[in-house]
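The shown structure was predicted, so the numbers you read here are calculated from the model rather than taken from an experiment. Order of the sequence lines sets the chain letters (A, B, ...), proteins ahead of strands, with each chain counted from 1.
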Number of protein chains: 2
Amino acid sequence: MGSNYDQQLIERNVKPTAMRQLVYTVLNEQKTAISLAELEQKFEKVDRVTLYRTLKTFEDKKVIHAIEDGTGSVKYALCQDTCECNPKDLHVHFHCTECGQTYCLNDIQVPGINLPQNFTLESVNMVVKGVCDECNK
Amino acid sequence: MGSNYDQQLIERNVKPTAMRQLVYTVLNEQKTAISLAELEQKFEKVDRVTLYRTLKTFEDKKVIHAIEDGTGSVKYALCQDTCECNPKDLHVHFHCTECGQTYCLNDIQVPGINLPQNFTLESVNMVVKGVCDECNK
DNA sequence: AAAACTATGCAACTGTATTGCAAAGTTATT
DNA sequence: AATAACTTTGCAATACAGTTGCATAGTTTT
């Protein structure tokens with residue numbers, strides 16, 4: 001049989017084990033980015049290290065991207081289908097200081113930056129902090 | 001007597017104690033942003049918690065700003081004279097993946113972002129990663 | 001000089017991230 | 001089909017950044 005998400009994993013060269021299918025499913029259900037600790041809480045019983053390595057594998061293979069939102073715990077979210085995690089694929093993230101949620105603003109591309117002479121660019125982590133629409137109600 | 005830097009501290013409503021003068025001096029000597037652990041190593045013998053609280057005080061009073069560069073340890077750098085840490089005062093930071101240094105690109109302002117409806121902005125943490133001029137030689 | 005407040009130092013603790021190693025599971029080879 | 005080689009998972013333990021509580025020292029106010 002195999003999960004509905006096998007294809008996404010296989011396309012990114014990740015063997016779709018049971019664990020990975022589960023993790024992918026959970027990630028897919030999230031509206032906002034999620035930390036390792038939060039992911040752990042979605043399961044009855046699971047080994048944190050296995051989740052940790054699953055996330056690392058997913059990140060390496062560009063199934064997910066990491067967001068350093070400054071809370072002390074890295075958040076993760078699924079990449080868009082077309083994402084190669086190149087600078088041009090990068091979007092802005094939003095961290096709500098009220099509810100603590102971290103959003104992917106997939107529609108807002110990270111603006112280009114002209115670096116000083118001889119600085120070369122690999123990636124950009126841009127996190128806007130403020131209050132989200134839910135908390136502004 | 002008093003240190004040369006008393007004025008800067010007093011202007012920001014920080015009492016210029018001996019400890020704070022020392023920390024300010026060290027921060028002022030840095031070309032790149034520095035972590036708590038790195039700061040600790042600049043002293044023969046010093047209590048980490050005191051440094052920690054000194055940095056927190058400096059940050060609160062906008063003597064320094066914190067940079068979340070994604071390395072797992074927050075970096076700190078002196079604010080510019082005119083800085084009020086408002087969005088318009090914010091500059092881009094650069095983290096070199098080769099030497100590990102984090103630079104303040106004081107001349108490069110963080111670009112404005114149009115947030116979705118009902119999202120309000122407080123601050124922005126923008127870190128560009130790549131290779132710095134020194135490491136590109 | 002005493003009281004009130006602020007800063008410092010030490011000990012202890014929390015939580016995230018990470019590594020090593022053995023067991024279980026999977027894939028390739030004979 | 002049995003073995004070997006490799007990959008994934010689970011458990012134990014560790015490393016380290018960040019943080020809190022409390023007692024002492026120092027400073028300022030009354």
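- Mapping A:V14 and B:Y76 onto DNA chain D by nearest heavy atom places A:V14 at the nucleotide closer to the 5' end.
- Considering only side-chain N and O atoms, B:K56 lies under 4.0 angstrom from the phosphate OP1 or OP2 of D:dT19.
- For A:L9 and D:dT8, the CG to C1' distance is 14 Å, given to the nearest whole Å.
- Here the side chain of A:K15 is nearest to one of D:dC22, D:dG18, C:dT27, namely C:dT27.
- The nearest whole Å value for the distance from the CG atom in B:D47 to the P atom in D:dT20 is 15 Å.
- Both B:M19 and B:V49 sit near DNA chain C, but only B:M19 has its closest nucleotide nearer the 5' end.
- The shortest distance between the side-chain N/O atoms of A:T17 and the OP1/OP2 oxygens of D:dT9 is below 4.0 Å.
- Residue B:L36 has its side chain nearest to D:dG18 when only C:dT16, D:dG18, C:dG9 are considered.
- Here the P atom of nucleotide C:dA7 and the CG atom of B:L51 are 15 Å apart, to the nearest Å.
- Rounded to a whole Å, the CD atom of B:E40 is 12 Å from the C1' atom of D:dC16.
- For the OP1/OP2 pair of D:dG18 and a distance below 4.0 Å, the side-chain nitrogens and oxygens of B:R48 include no atom meeting the criterion.
- Between B:T50 and C:dG9 there is a side-chain N or O to OP1 or OP2 distance below 4.0 Å.
- Taking atom CG on B:D60 and atom P on C:dT6, their separation rounds to 14 Å, with Å as the unit.
- With distances taken from any side-chain atom of A:Y52 to the nucleotides C:dC10, C:dA17, C:dA7, the minimum falls on C:dA17.
- If you check the side chains of A:N136 and B:T120, you find a donor sitting under 3.5 Å from an acceptor.
- Protein atom CD of B:E59 is 14 Å distant from nucleotide atom C1' of D:dT19, rounded to whole Å.
- Defined by atom type and a distance below 3.5 Å, a donor-acceptor pair is present between the side-chain atoms of A:H95 and A:T102.
- A donor-acceptor pair under 3.5 Å is formed between the side chain of A:R20 and the backbone N or O of A:K15.
- Nucleotide D:dT9 holds its C1' atom 14 Å from the CG atom of A:L55, rounded to whole Å.
- For the pair A:N13 CG and D:dT7 C1', the interatomic distance rounds to 15 Å; values are reported in whole Å.
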For B:F119 and A:F94: C-alpha separation, side-chain torsions, deciding distance, then whether ring-ring contact (aromatic ring centres under 6.0 Å, His included) applies.
CA-CA 9 Å; B:F119 280 66; A:F94 184 90; 4.8 Å; yes

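- A residue-by-residue look at A:R53 and B:R53 shows that A:R53 has its nearest nucleotide of DNA chain D further toward the 5' end.
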How far apart are the C-alpha atoms of B:V92 and B:Q109, what are their side-chain angles, what is the distance that settles it, and do they pass the side-chain contact (heavy atoms from CB on, under 4.5 Å) test?
CA-CA 6 Å; B:V92 173; B:Q109 220 186 293; over 6 Å; no

